[in-house]
Amino acid sequence: MERVDHIGIAVESLERTLPYYTETLGCPLMKVEEVPSQGVRVAFIDAGNIKLELLEPMQEDSAIRKFIDKKGEGIHHIAFGVSGIEERMADLREHGVRLLNEEPKPGAGGAQVAFLHPKSSYGVLYELCDKSGKKE
Ligand code: CMX
């Protein structure tokens, strides 16, 4: 893993949450984006040495909806920045790590992403995030 790219935080509503981050905490909003392949609308917040990704569910069957219903709003995942995501996925599979998808999927910001199941990562949902072939 090369670095932590961002921390994902599940929220009910970006509209309601953003003033807390931008005005109360004083962290700039970088961008808001819909990621239909993941069923979420996301806002990236610049927290200095790291980005925070606020995740709002776009539909009832979104994984973020399920998370909020079960655990409430809060920290959802940690994303590692990688290059060569398919090779990283193959390495992890060889080490017995359960991946949520066979192939990388399109994520926010033109990245290719894949998730490691929390049950094989000691309770933490990790994302691999590869921006090396980014299209935007
Ligand atoms: N962190 C830690 N544990 C979690 C978790 C999380 N974020 N989400 C769920 N779990 C736990 C559950 O509590 C459950 O534990 P128990 O069985 O002990 O109750 C277990 O993991 C399975 O959860 P589930 O929702 O029932 O299981 P699924 O296999 O259906 O879901 C999951 C797997 C949670 C990893 C997946 O649905 C998910 O969240 N995917 C990520 C989607 C996402 O974040 N998309 C946005 C990406 C945007 C971007 O960055 O590009």
Side-chain angles (χ1 to χ4, degrees):
M1 304 303 141
E2 293 168 9
R3 64 188 189 285
V4 174
D5 183 84
H6 63 264
I7 295 176
I9 299 172
V11 302
E12 278 286 356
S13 158
L14 289 183
E15 194 187 359
R16 217 173 51 217
T17 314
L18 276 173
Y20 174 72
Y21 284 91
T22 59
E23 292 164 29
T24 310
L25 299 182
C27 298
L29 172 64
M30 298 169 74
K31 64 173 173 178
V32 176
E33 180 184 344
E34 287 191 0
V35 189
S37 59
Q38 302 284 340
V40 291
R41 203 157 72 94
V42 305
F44 281 101
I45 301 290
D46 180 355
N49 63 337
I50 198 163
K51 286 174 287 180
L52 304 179
E53 181 188 45
L54 307 180
L55 301 139
E56 173 195 77
M58 280 170 65
Q59 60 226 26
E60 280 308 306
D61 61 358
S62 151
I64 302 301
R65 174 79 272 144
K66 191 173 172 186
F67 177 86
I68 293 174
D69 289 349
K70 195 168 172 187
K71 301 192 188 218
E73 295 178 302
I75 293 180
H76 179 258
H77 68 264
I78 296 175
F80 284 118
V82 300
S83 45
I85 190 168
E86 293 187 1
E87 290 80 4
R88 298 288 77 72
M89 291 170 76
D91 288 347
L92 289 164
R93 268 194 212 98
E94 272 185 27
H95 283 84
V97 176
R98 181 172 156 201
L99 293 162
L100 279 179
N101 33 303
E102 286 297 315
E103 301 289 330
K105 286 188 173 178
Q112 291 292 305
V113 303
F115 288 90
L116 283 53
H117 200 284
K119 287 290 171 191
S120 66
S121 295
Y122 300 92
V124 180
L125 175 60
Y126 285 111
E127 174 185 332
L128 306 182
C129 176
D130 184 349
K131 294 179 181 159
S132 54
K134 196 169 142 175
K135 296 195 178 71
E136 29 160 73

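Numbers here simply count residues along the sequence, with the first being 1. In each ligand, atom 1 is the first atom listed, and ligand 1 is the first ligand listed.
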Q: In plain terms, say whether Asp130 and Arg88 are close enough for a salt bridge, that is, a side-chain N and a carboxylate O under 4.0 Å apart.
A: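 Arg88 and Asp130: not salt-bridged.
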Q: Please state whether the rings of His76 and Phe67 are parallel, tilted or perpendicular, taking 30° and 60° as the class boundaries.
A: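 Aromatic pair His76/Phe67 classed perpendicular.
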Q: Does some side-chain heavy atom of Leu54 sit less than 4.5 Å from a side-chain heavy atom of Val32?
A: no
Q: For ligand 1, which of its N or O atoms have a protein N or O partner closer than 3.5 Å, and how long is each gap?
A:
from, atom 1, to, atom 2, distance (Å)
ligand 1, 7 (N), His76, O, 2.8
ligand 1, 13 (O), Lys70, NZ, 3.2
ligand 1, 13 (O), Lys71, NZ, 3.4
ligand 1, 18 (O), Lys119, NZ, 2.8
ligand 1, 19 (O), Lys70, NZ, 2.7
ligand 1, 25 (O), Lys66, NZ, 3.3
ligand 1, 26 (O), Lys66, NZ, 3.3
ligand 1, 29 (O), His117, NE2, 3.1
ligand 1, 30 (O), Lys66, NZ, 3.3
ligand 1, 39 (O), His76, NE2, 3.4
ligand 1, 45 (N), Gln38, OE1, 3.1
ligand 1, 50 (O), Glu53, OE1, 3.1
ligand 1, 50 (O), Glu53, OE2, 2.8
ligand 1, 50 (O), Glu127, OE1, 3.0
ligand 1, 50 (O), Glu127, OE2, 3.3
ligand 1, 51 (O), Ala108, N, 2.9

Q: Please say whether more than 12 non-hydrogen atoms of neighbouring residues, nucleotides or ligands are located less than 6.0 Å from CD1 in Ile75.
A: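 Count not over threshold, so no.
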Q: Evaluate Ile9 against Tyr21 for side-chain contact (heavy atoms from CB on, under 4.5 Å), listing each step before the verdict.
A: CA-CA 12 Å; Ile9 299 172; Tyr21 284 91; 3.7 Å; yes
Q: Hey, which of Glu56, Gln59, Glu60, Glu12 is the one that makes side-chain hydrogen bond (donor to acceptor under 3.5 Å, both in side chains) with Arg65?
A: Glu12
